Each structure stands twice: as structure tokens, then as C-alpha cells.
Amino acid sequence: MAESGASALTPTPRAPVSHPSLARAEQFVWRTARVLEQRLFAYHFRGGDAAPVETALDAYRNEDGGYGHALEPDLRGPASGPAHTARALRVLDAVGRCGGQRVERMCRFLTSASTPDGALPAVPSAGSGEAGAPAGPAPDAPAGELLATGPVVGLLHRNEVWHAWLFRATDFCWRAAESLERSHPYEVEAAVAFLDSAPDRPRAEAAADRLGRMVREQRLAVLDPDDLGTHPVSPGYAPREHHFPHDYARHPHSLARAWFTDAEMSRSLDFLAAGQEDDGGWPLRRPRRALAPALEARPAVTLEALRTLRAYGRPLG
């Protein structure tokens, strides 16, 4: 579908983009990352085993089957929360260990944390025990959102996990993804995470095609990073919080890849590769409300950048 928004003109030649340095990124991870992200780096880029990743992740697990203890850096405190548990699922998925009794217990926690319609809230409720630096006071009963629910449901379907909670949560995600008329980048990313693994593939492809048209019409992706200064950010986002094709299509098999031309994706990946900073890590583009969460989040952002570039066959130096 990207051809509808693409120009037939030959792209203007760009200056060569230097390859990211995996060696510099590795030193950044060893100097700044938590044990979990160090173990993940070793697994993804140094042939490490999955078992040490699981061991590091266990430090964040609670008796109720959920995860807490600032596993999601923006939320502090020991209490289990959907955002922490979603991050734990991403870690297990990344190392091929998303299954078994551990995930069954996680699904039981997610059931207890969900709203009556089976969805997960994107913000902690007042009195939940999760401490953070939110933009406003925590609500007593936050509503379920696609932002929080879509990635979790997608991960569980991708790993062929079945649990009673998934039926209601999947129905919620379908309704939410197919009814979006106006949105913002993080919500669209959550919809893609669901659609990429939703079991009804023709339905998912149709929903993704409609979302892709919306992304282009509402200018939710920067298609030319050289013109960044004139591109708007979504309301409520930080000044630098732009989103690019690679943010939606983190690997070439994503349904969102069809939203963009080869030239647009190439420019996006060039921009990502050039984003490595002098210390070897990649920057945070979202607001930094506190120092500790920002410092803890950068290694994970760096790992994500490296994995995206590698998924597209970009050399890492």
C-alpha cells in the first residue's frame, strides 16, 4: 500500500551513513546496563545462553505471578503491574522461553489486573503500589487500553499460549484496532504488535492495511528524516518524540513494512543507524521525568536499535 503515498522521483542522494559500532554499544552496555540487559546483550550478540537471562529476570518476579521492582524503568516500587509483566513477556519471547508454568502464572496475574472487558490499563491505579513519575495523578480505576493490551496479546499468540483470559483480551484488541479513526504512534505500534501475531491472518492484514493508510494520512511517521524540523509530533509528546517507519515495522516480516516504500524504509534505517551517540548507546526520545528511569532505559533502547538494524540486514560494524 505504500506506493499510494510514494513519489516516483529518484530519491536525492544522501551522505553515506557510517555503520553502528557493535563494540562501542557493547562497552556502553557493560558500563551502564542492569544485569538483565547485559545478559540480553550477551544472548543476542555474543552467543550467550537463555538461562542467565531467565535468572536475571527472576529477580523482578513476585509471588502473584506478576513482575515489579522497576522492571519497566518508568514505574518504580516492588508491586506487580501490567507494564512490568508485559516487559517480562518480551524478554522471555526474545530468548525463546515464553511458555510453561511461568507464563501460566503470568496470565493469571494479567487476569486479575485486567478490566471487566478483559483489557489491561496503560497506567497504574491509585493504591496499586506502583510508584512512578506520571504526568498527572493516578486514577482510581483506569480504563483498559489497546496501548497496554495489544503487545501482550500479540506475544502470547505468537508463542501459541492459550489461556481463558486471552479470549476476552483478543476480542478487545480486535474491536480497538479496527475502530481506530484518530490515533497516536504508540497506540498504532501496539496495534501492530497485536496484528502481527493475531490468529486470523486475513482479518489482521485488512486491519493493518487500513491502519497504514491512517498513519500516512495523519502524518504519524516521519518519512524524510532530513525534514525533521517541519514534521509535527503528536499532542502530548516531547519535542523530539518523532516516530519513523522502523518504529512501526521493527522487522521486515511485520505487516507494517508494507506501509512504506523501500526508499522510505532505507532512510529510516539510515537515521536509526546514525543515532548512536558518542558513548555507544542510543538516545531516549520520550520525556525524561526522572534521572534513574532514563539511565536504566537507554541500554534497552540500544538493544532494540541493534536488533532492528540486524533484522534488516544492516551491518553493525
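All values below were derived from every heavy atom in this structure, side-chain atoms included, with hydrogens, water molecules and symmetry-related copies excluded. These numbers were taken from a predicted model, which means no experiment stands behind them.
Two different hydrophobic clusters hold Leu220 and Leu147 under the rule that ILVMFWY side chains link at heavy-atom gaps under 4.5 Å. Note on Val161: it clusters hydrophobically with Phe194, by side-chain heavy-atom contacts below 4.5 Å among ILVMFWY residues. Tracing side-chain contacts under 4.5 Å through hydrophobic residues (I, L, V, M, F, W, Y), one reaches Leu22 starting from Val301; they form part of the same cluster. By the rule that hydrophobic residues join a cluster once side-chain heavy atoms approach within less than 4.5 Å of another member, Leu120 and Trp174 end up as members of one cluster. Connection of Val103 to Trp162 is established within a shared hydrophobic cluster, with ILVMFWY side chains joined at heavy-atom distances below 4.5 Å, either directly or through further cluster members.
At a threshold of 4.0 Å, the pair Arg298-Asp279 counts as salt-bridged, since one of the basic side-chain nitrogens sits closer than that to a carboxylate oxygen. Note on Glu304 versus Arg90: no salt bridge recorded, every NZ/NE/NH1/NH2 to OD/OE distance being 4.0 Å or above. Residues Arg61 and Asp58 are paired through a salt bridge, judged by an N-O separation under 4.0 Å between the basic side chain and the carboxylate. Salt bridge annotation for Arg175-Asp171: absent, with no cationic side-chain nitrogen under 4.0 angstrom from a carboxylate oxygen. Note on Glu104 versus Arg108: salt bridge recorded, some NZ/NE/NH1/NH2 to OD/OE distance being below 4.0 Å. A salt bridge links Asp262 with Arg257; the closest basic N to acidic carboxylate O contact falls under 4.0 Å.
Listed here is the closest heavy atom pair of Pro121 and Ala148: O-CB, 3.5 Å. Closest non-hydrogen pair, Thr149 versus Gly118, comes out as CG2-O, 4.5 Å. Among all heavy-atom pairs drawn from Ala25 and Trp282, the shortest one is CB-CZ3, 4.5 Å. Taking every heavy atom of both residues into account, Gly66 and Ser80 meet most closely at C-OG, 3.4 Å. When every heavy atom of Pro73 is checked against every heavy atom of Leu71, the shortest pair comes out as CD-O, 3.2 Å. In terms of heavy atoms, His44 sits closest to Ala94 at CE1-O, 3.7 Å.
Proximity of Arg102 to Glu54: side-chain heavy atoms (C-beta onward) are separated by under 4.5 Å at one or more points. Contact check for Arg158 versus Cys98: no side-chain heavy atoms found under the 4.5 Å cut-off. Between Ser21 and Gln276 there is a side-chain heavy-atom pair separated by less than 4.5 Å. You'll find the side chain of Pro239 stays beyond 4.5 Å of the side chain of Val233, heavy atoms only. Leu156 is listed as a side-chain neighbour of Cys107, based on a closest heavy-atom distance under 4.5 Å. Arg87 has its side chain out of reach of Leu36: every pair of non-hydrogen atoms, C-beta onward, lies at least 4.5 Å apart. A 4.5 Å side-chain heavy-atom check between Val29 and Glu26 finds every atom pair outside the cut-off. Using a 4.5 Å cut-off on side-chain heavy atoms (C-beta onward), Asp64 and Ser112 make no contact.
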**Message:** Let's go through Phe45 and Leu316 carefully: what are the C-alpha distance in whole Å and the side-chain angles of both, what is the deciding distance for side-chain contact (heavy atoms from CB on, under 4.5 Å) to 0.1 Å, and is it a yes or a no?
**Reply:** CA-CA 10 Å; Phe45 298 103; Leu316 300 179; 3.8 Å; yes
**Prompt:** Yes or no on side-chain contact (heavy atoms from CB on, under 4.5 Å) for Phe260 and Ser268, after CA distance, side-chain angles and deciding distance?
**Reply:** CA-CA 10 Å; Phe260 309 106; Ser268 180; over 6 Å; no
**Test log, rule side-chain contact (heavy atoms from CB on, under 4.5 Å), inputs Val95 and Leu40** = CA-CA 8 Å; Val95 299; Leu40 280 167; 4.0 Å; yes
**Message:** Assess the residue pair Met106 and Tyr67 against the criterion (side-chain contact (heavy atoms from CB on, under 4.5 Å)); give the C-alpha distance rounded to whole Å, side-chain angles, the decisive distance to 0.1 Å, and a yes or no.
**Reply:** CA-CA 8 Å; Met106 294 168 78; Tyr67 287 72; 3.8 Å; yes
**Message:** Asp196 vs Arg250, test: salt bridge (Lys or Arg N to Asp or Glu O under 4.0 Å). Steps then yes/no.
**Reply:** CA-CA 11 Å; Asp196 273 348; Arg250 297 189 183 278; over 6 Å; no
**Message:** Could you walk me through whether Arg267 and Asp227 satisfy the salt bridge (Lys or Arg N to Asp or Glu O under 4.0 Å) test, starting with their C-alpha distance in whole Å, then the side-chain angles of each, then the deciding distance to 0.1 Å, before giving a yes or no?
**Reply:** CA-CA 12 Å; Arg267 288 195 295 266; Asp227 198 25; over 6 Å; no
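Separating the NE2 atom in His251 from the OG atom in Ser254 is a distance of 5.0 Å, to the nearest 0.5 Å. A distance of 8.0 Å separates CG in Leu295 from OG1 in Thr32, rounded to the nearest 0.5 Å. Rounded to the nearest 0.5 angstrom, Leu146 CG and Glu187 CD are separated by 5.5 Å. Here the CG-CZ distance, from Leu272 to Phe244, works out to 9.0 Å after rounding to the nearest 0.5 Å. Note that the NE2 atom of His157 and the CG atom of Leu195 stand 11.0 Å from one another [nearest 0.5 Å]. Rounding to the nearest 0.5 Å gives a distance of 13.5 Å between CG of Leu306 and CZ of Arg314.
A side-chain contact (heavy atoms from CB on, under 4.5 Å) with Arg39 is found for one member of Val53, Val91, Leu57 and no other, namely Val53.
For Glu37 (side chain) and Ala300 (main-chain N/O), no donor-acceptor pair under 3.5 Å exists by modelled atom type. Listed for the Ser234 side chain is no donor-acceptor partner under 3.5 Å among the backbone atoms of Tyr237. Looking at Arg285, its side chain never comes within 3.5 Å of a backbone N or O of Ala238 through a donor-acceptor pair. Checked by atom type and distance alone, the side chain of His242 pairs as donor or acceptor with a backbone atom of His231 at under 3.5 Å.
A donor-acceptor pair shorter than 3.5 Å can be found between the side chains of His69 and Asn62.
Considering only residues two or more places apart in sequence or on other chains, Tyr60 meets the side-chain hydrogen bond (donor to acceptor under 3.5 Å, both in side chains) condition with none of them. Checked against side-chain hydrogen bond (donor to acceptor under 3.5 Å, both in side chains), Arg286 has the following partners two or more places apart in sequence or in another chain: Asp74. By the ring pair (Phe, Tyr, Trp, His ring centres under 6.0 Å) test, Phe172 pairs with no residue at all, sequence neighbours left out.
Checked against the 6.0 Å centroid criterion, the rings of His243 and Tyr186 qualify as a close aromatic pair.
Within 6.0 Å of the CZ atom in Arg203, the count of heavy atoms belonging to other residues, nucleotides or ligands exceeds 12. For Arg46, the CZ atom sits in a packed shell: over 12 heavy atoms of surrounding residues, nucleotides or ligands are nearer than 6.0 Å. In Asp278, the CG atom is not crowded: 12 or fewer heavy atoms of neighbouring residues, nucleotides or ligands sit closer than 6.0 Å.
Using a 30° and 60° split on the angle between ring planes, Trp259 and Tyr248 fall in the tilted class, from 30° to 60°.
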